[in-house]
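Below is one structure, written out as structure tokens; comments come after it.
The analysis underlying the following values was restricted to heavy atoms, covering all of them including side chains, and did not include hydrogens, waters or symmetry mates. Order of appearance sets the numbers: ligands from 1, and atoms from 1 within every ligand. Since the structure is predicted, the reported quantities are computational estimates derived from the model, not experimental observations.
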Amino acid sequence: MDLKVTCVLSVILVIALSTLAGAVPTKCQCKTEPKERKNCGYPGITAQQCRKAGCCFNSSVPGVPWCFSPKAKKVRKVCPADAHARINCGFPGITAKECEKKGCCFRSQPAGVPWCFYHRVVEEAC
Ligand SMILES: *[C@@H]1O[C@H](CO)[C@@H](O)[C@H](O)[C@H]1NC(C)=O
């Protein structure tokens, strides 16, 4: 293999590895009862290695896994209250029923903004 190919391949490998590591969990996702923790690492894993693997680390309680799986994010669909922030999901004159079928929010007021519009997904506090 020539040098160029080797170089391109190693760049691809680095990118692949960094995407595999997954997203960093939020603090909220790591608030689990110590006895409900699901082990995510191996014994003796460091905090850094643990977080790199996309897990939570907390060593304050002995006898339970220190590196554990984060909770799933709780999300909720809401219809935005700000009429001007609406993102059109329908077409002028769409009925509430047609809009609902598309899984969107329907409010027949005020004038001049879409009445059928997309939800927003918000993360729930925990
Ligand atoms: C570690 O876990 C304990 C017990 O659940 C909790 O009280 C503490 O706040 C946690 N520490 C951090 C830094 O999250």
Side-chain angles (χ1 to χ4, degrees):
M1 256 192 296
D2 71 26
L3 196 62
K4 234 189 205 163
V5 173
T6 315
C7 200
V8 168
L9 282 181
S10 41
V11 167
I12 290 170
L13 186 69
V14 167
I15 292 170
L17 283 178
S18 52
T19 21
L20 264 182
V24 179
T26 62
K27 256 190 196 154
C28 171
Q29 287 176 275
C30 292
K31 263 194 200 162
T32 50
E33 282 299 310
K35 59 180 185 308
E36 283 167 12
R37 290 181 188 171
K38 287 199 190 72
N39 205 356
C40 190
Y42 45 86
I45 191 171
T46 66
Q48 205 181 13
Q49 287 166 327
C50 174
R51 293 207 184 94
K52 241 190 198 161
C55 306
C56 307
F57 191 86
N58 178 326
S59 56
S60 70
V61 184
V64 296
W66 287 357
C67 182
F68 51 97
S69 308
K71 284 190 288 192
K73 263 188 194 163
K74 267 195 205 152
V75 291
R76 193 163 44 99
K77 280 183 177 177
V78 294
C79 298
D82 179 5
H84 295 284
R86 292 180 184 177
I87 298 164
N88 201 356
C89 177
F91 46 84
I94 190 171
T95 65
K97 222 183 205 156
E98 285 169 317
C99 179
E100 243 166 61
K101 249 196 207 155
K102 297 176 80 158
C104 291
C105 306
F106 189 84
R107 299 273 187 285
S108 57
Q109 54 173 324
V113 295
W115 287 358
C116 181
F117 50 99
Y118 285 100
H119 308 272
R120 263 208 329 245
V121 174
V122 293
E123 263 173 53
E124 288 201 46
C126 45

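Within the 4.0 angstrom cut-off, atom 11 (N) of ligand 1 has one or more protein heavy-atom neighbours. Within 4.0 Å of atom 14 (O) of ligand 1, at least one protein heavy atom is present.
Summary of contacts: the protein heavy atom closest to atom 3 (C) of ligand 1 is Ser60 OG, 3.4 Å. The nearest protein atom to atom 2 (O) of ligand 1, hydrogens excluded, is given as Asn58 ND2, 2.3 Å; this is a heavy-atom distance.
At a 4.0 Å heavy-atom cut-off, ligand 1 does not touch Glu36 at all. Heavy atoms of Cys30 found under 4.0 angstrom from ligand 1: none, in either backbone or side chain.
Near Arg37, with a cut-off below 4.0 Å to any heavy atom, the atoms of ligand 1 are 2 (O). Listed by number with element, the atoms of ligand 1 under 4.0 Å from a non-hydrogen atom of Pro34 are 4 (C), 5 (O).
A chain of hydrophobic side-chain contacts below 4.5 Å, direct or via other Ile, Leu, Val, Met, Phe, Trp or Tyr residues, connects Phe91 to Trp115.
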Name each donor-acceptor pair under 3.5 Å that joins a side chain in residues 93-107 to protein atoms two or more places apart or in another chain, with its distance.
residue: Thr95; atom: OG1; partner: Glu98; partner atom: N; Å: 3.1
residue: Thr95; atom: OG1; partner: Glu98; partner atom: OE1; Å: 3.2
residue: Glu98; atom: OE1; partner: Thr95; partner atom: N; Å: 3.0
residue: Lys102; atom: NZ; partner: Cys89; partner atom: O; Å: 2.7

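At distances below 3.5 Å, not a single donor-acceptor pair connects side-chain atoms of Arg120 with backbone N or O atoms of Pro80. Remark: side-chain polar atoms of Trp66 are not paired, donor with acceptor, to backbone N or O of Asn39 under 3.5 angstrom. The backbone N or O of Val75 lies less than 3.5 Å from no partner atom in the side chain of Glu123, so there is not a single donor-acceptor pair.
The minimum heavy-atom distance between Pro25 and Cys56, with the atom names listed, is CG-SG, 4.0 Å.
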